[in-house]
Structures are given as structure tokens and as C-alpha cells.
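Scroll down for the structure; my scribbles are underneath it.
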Amino acid sequence: MQRLPEQAAGTAVAPPEAGTPPRELPEYLRAAGLGGVAEELAPVQCAELWDEDGRRHVLYKLGQPSLPKLVLLPPYGVSYLLLARLAALLAQRFHVLSWESTGCPDSSSPLHESDLTLARQSALFQRILQQEGFQQFHFVGWCQAAQLAVHAVASGAVAPASMSWIAPAGLGCAIVQSDFDRCALPIYLDIERGGAALAGKLGVILDKHRSAPFCPANAAEKLTMLHLGDAALTHRFSRYMLAYARNQPEVHALLGAALASCPTLAIHCKDDTYSHFSESVQLAKHHPGSS
């Protein structure tokens with residue numbers, strides 16, 4: 001693998017001494033009052049990586065280390081909880097490693113503008129694999145995680161044995177806008193420009209279970225709306241959505257190289273128009289080996 005250049009260090013906070021056990025979960029999960037998902041988190045073993053700016057990245061690990069290795073990533077800014085059940089199923093056959101976007105949904109870490117770039121995210125991807133000893137691995141990514149996979153593979157940062165993309169998004173292939181891109185993305189782009197005040201209004205409108213305790217009846221919406229928990233976090237999520245939109249020309253230019261170097265499967269429900277179905281249709285047409 002080609003080693004990507006690291007970013008210049010900022011004001012670093014000294015990481016703990018080697019051997020110091022990490023906290024069990026990131027702060028946002030310990031403080032979110034999500035007792036109903038304890039079962040989902042029970043199989044997870046947490047590890048951590050400290051970056052060159054002194055920030056802690058929580059790593060979620062499941063399965064026996066002796067099993068074949070697999071990296072599983074959520075969309076930008078979305079909690080690991082979205083993938084928890086899939087991770088548990090995959091852990092029956094793989095040693096699974098996952099992590100979240102820098103600074104979102106775990107807002108205890110600062111978010112720098114460079115963190116939104118694919119170059120920085122690919123470098124972090126590479127560093128995590130090196131630390132955890134994932135020399136050979138398979139990749140599974142949900143939605144926008146396909147963008148990162150394309151850049152990381154095409155740039156030589158990582159070399160998975162195979163890739164599986166679930167409802168891939170942001171590859172620059174779609175000819176029909178998804179419902180997300182048509183309806184939700186413009187709102188997030190407005191919030192990115194308007195700041196936290198506008199973000200707070202969106203949370204009030206969409207997060208109808210904000211004051212209700214977590215329970216099975218509202219679990220799906222509670223988990224979907226985690227980034228709407230406060231205005232500042234919603235604004236961070238919106239910054240990632242702007243990056244998602246901006247990344248598409250770069251990713252489209254790298255797509256052919258990435259697919260040529262790694263067997264790839266695109267997975268999509270044909271009835272799901274919200275999550276970028278046209279992207280998968282065009283992948284099948286122009287890169288038939290990917291679906």
C-alpha cells in the first residue's frame with residue numbers, strides 16, 4: 001500500500017501511555033440515554049487510535065481475531081448503531097472493525113476542515129489498518145462510505161480483497177436524483193451556510209421524539225435522528241453533507257481505477273428510491289462486474 005502524507009499536527013493532546021485501556025464507548029453513546037440498545041453494543045470491544053492532532057478515535061471491534069478480517073463503515077456522520085446488527089451477523093464469520101466520521105456523531109473531538117477531505121479520511125483509514133494489523137481484509141460500506149472506499153483504493157492507501165457497497169451514494173453516476181439528494185440534501189446545504197441557528201430549527205421540526213425516552217416504538221427514529229440532538233452537531237453533520245456533494249466529481253474520476261483493482265458488489269433494494277437507486281443502476285450498466 002502507498003503511504004499517504006499525514007497532515008500537519010495541530011495543538012496536540014498527549015495520548016495515554018501504551019497499555020492504558022480505552023473508555024468503553026464514546027461520550028455521545030454513554031450520555032445519550034439509549035439503554036434500549038445495550039444488547040446491540042454488548043458484543044463490541046472498543047479500541048482507540050490517537051491522531052497527529054491528539055484526538056481520540058474510537059474503534060468498534062467484533063468477532064474472533066483469528067477469523068478473516070472485514071472493515072464495516074457507516075455513512076458520513078452517522079452512528080455505528082446503524083450497523084450494529086449487521087456487524088454482529090458478520091462477526092459470526094469475520095473479525096469486524098468499524099469506526100465513525102471524525103467529530104460526528106461524537107462531538108467530543110474537534111472537527112477540522114481537512115477532516116472533511118477524502119485525502120485525510122483515506123490517511124486515517126490507512127493508519128487504523130496499520131495499527132490493528134488488517135493487512136488483508138474485505139470492505140463493506142453503507143451509502144456514502146463508498147466515496148471513501150473509491151478514494152482510498154484508487155490512491156493506494158488501502159487494498160481490500162473485495163468491496164461490498166450497500167446503497168452506494170455520491171459516485172457521480174446517477175442520472176435520476178434520489179429522494180435524499182432532491183429533498184434532504186438542499187436543507188443540509190442551507191444549514192451548512194446558515195449555521196447552528198438554522199440547524200436548531202431543523203431539529204425541532206424533524207426530531208419529534210426528542211423529549212421522549214428511548215423505547216422500541218421510537219428506536220428507529222431515535223437512532224436516525226442522533227445527529228439532530230443539538231444544533232451544533234446538526235451543523236457538523238451538514239458540513240459532511242456538503243463534503244459529500246463536493247466529492248462527487250473527484251470520486252467519479254477515480255471510480256474506474258478503484259473498480260479495476262478490486263472485485264466490488266453493489267447491493268440495493270429495487271424499491272428504495274430514497275437511497276440513491278439510480279447510482280446502483282448506472283453502476284450495473286457501466287461497470288457490470290460491480291453488481
Side-chain angles (χ1 to χ4, degrees), residues 1-4 6 15 18-19 21-26 29 40-51 56-76 78-102 106 118-168 254 257-267 289-291:
M1 294 186 296
Q2 175 185 348
R3 183 171 178 81
L4 295 182
E6 294 184 352
R23 293 177 295 176
E24 286 302 308
L25 291 168
L29 285 178
E40 313 293 345
L41 296 170
V44 174
Q45 294 181 332
C46 287
E48 60 188 8
L49 178 137
W50 290 82
D51 68 20
R56 175 178 176 268
H57 300 264
V58 175
L59 311 178
Y60 303 86
K61 301 166 68 173
L62 299 88
Q64 296 298 319
S66 59
L67 292 172
K69 301 185 186 305
L70 183 144
V71 170
L72 174 65
L73 294 186
Y76 300 145
V78 175
S79 173
Y80 161 79
L81 289 172
L82 175 71
L83 304 176
R85 293 188 179 184
L86 176 59
L89 288 172
L90 289 170
Q92 297 174 17
R93 297 182 57 186
F94 297 94
H95 184 207
V96 178
L97 174 64
S98 185
W99 62 92
E100 298 159 338
S101 302
T102 302
D106 183 4
L118 289 171
R120 180 74 175 239
Q121 293 176 51
S122 291
L124 178 63
F125 194 162
Q126 184 183 66
R127 285 192 61 195
I128 290 172
L129 295 186
Q130 291 170 345
Q131 174 181 291
E132 297 301 314
F134 273 48
Q135 285 85 10
Q136 295 182 330
F137 70 99
H138 301 277
F139 176 85
V140 177
W142 196 304
C143 192
Q144 298 147 353
Q147 280 194 337
L148 172 56
V150 168
H151 185 277
V153 170
S155 67
V158 305
S162 70
M163 293 191 288
S164 296
W165 297 341
I166 304 169
L254 297 173
L259 294 176
S261 64
C262 182
T264 302
L265 176 67
I267 305 167
S290 66
S291 60

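Side chains included, hydrogens not; waters and symmetry mates left out as well; all remaining heavy atoms used.
- Within the 4.5 Å cutoff, no side-chain heavy atoms of Phe137 are placed close to those of Leu97.
- In this structure, the side chain of Ser164 does not engage the main chain of Val140 through any donor-acceptor pair within 3.5 Å.
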Verify side-chain contact (heavy atoms from CB on, under 4.5 Å) between Glu132 and Lys69, making sure each step is shown before the conclusion. CA-CA 10 Å; Glu132 297 301 314; Lys69 301 185 186 305; over 6 Å; no
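- Legend: residues meeting side-chain hydrogen bond (donor to acceptor under 3.5 Å, both in side chains) with Arg85, ordered by chain and number and at least two apart, are Glu40.
- Within the 4.5 Å cutoff, the side chain of Leu148 has no heavy atoms near those of the Phe139 side chain.
- For the pair Val153/Val158, a side-chain contact is recorded, criterion being any heavy-atom separation below 4.5 Å from C-beta on.
- Between Pro75 and Ser101 the shortest heavy-atom distance is O-OG, 4.2 Å.
- Closest non-hydrogen pair, Ala145 versus Gly141, comes out as CB-CA, 3.8 Å.
- With Gln144 contributing its side chain and Tyr76 its backbone, the two residues share a donor-acceptor pair below 3.5 Å.
- Between atom OG of residue Ser98 and atom CG of residue Leu59 there is a gap of 9.0 Å, rounded to the nearest 0.5 Å.
- Pairing each heavy atom of Pro68 with each of Arg93, the nearest pair is CD-O, 3.6 Å.
- Between the CG atom of Leu62 and the CZ atom of Phe94 there is a distance of 13.5 Å, given to the nearest 0.5 Å.
- Here Leu67 contributes atom CG and Leu90 contributes atom CG; the two are 11.5 Å apart, rounded to the nearest 0.5 Å.
- Of all non-hydrogen atoms in Ala149 and Met163, the two that sit nearest each other are CB-SD, 3.8 Å.
- Residues Ala87 and Val96 come closest through the heavy atom pair O-CG2, 4.0 Å.
- Of all heavy-atom pairs between Ala257 and Ala154, the closest is CB-CB, 4.4 Å.
- Two residues are said to be in side-chain contact when any heavy atoms from C-beta on lie closer than 4.5 Å; Leu25 and Cys46 meet this criterion.
- Atoms NE2 and CG, from His57 and Asp51 in turn, are 3.5 Å apart once rounded to the nearest 0.5 Å.
- Applying the side-chain hydrogen bond (donor to acceptor under 3.5 Å, both in side chains) rule to Ser162 yields the partners His138; only residues at least two apart in sequence or on another chain are considered.
- Using a 4.5 Å cut-off on side-chain heavy atoms (C-beta onward), Arg120 and Thr102 make no contact.
- More than 12 heavy atoms of other residues, nucleotides or ligands sit less than 6.0 Å from atom CD of Gln131.
- Atoms CG and CD1, from Leu86 and Ile166 in turn, are 5.0 Å apart once rounded to the nearest 0.5 Å.
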How far apart are the C-alpha atoms of Trp99 and Leu49, what are their side-chain angles, what is the distance that settles it, and do they pass the side-chain contact (heavy atoms from CB on, under 4.5 Å) test? CA-CA 10 Å; Trp99 62 92; Leu49 178 137; over 6 Å; no
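- At least one donor-acceptor pair under 3.5 Å links the side chain of Arg127 to the backbone N or O of Trp50.
- Residues meeting the side-chain hydrogen bond (donor to acceptor under 3.5 Å, both in side chains) test with Glu100, sequence neighbours left out: Tyr28, Tyr60.
- Remark: Trp165 CH2 to Leu265 CG distance equals 10.5 Å, nearest 0.5 Å.
- With Ser66 contributing its side chain and Gln64 its backbone, the two residues share no donor-acceptor pair below 3.5 Å.
- Using a 4.5 Å heavy-atom threshold, the side chains of Pro74 and Trp142 count as separate.
- For the pair Leu83/Val78, no side-chain contact is recorded, criterion being any heavy-atom separation below 4.5 Å from C-beta on.
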For the pair Ile128 and Val71, evaluate side-chain contact (heavy atoms from CB on, under 4.5 Å) and give the outcome as yes or no after the intermediate values. CA-CA 10 Å; Ile128 290 172; Val71 170; over 6 Å; no
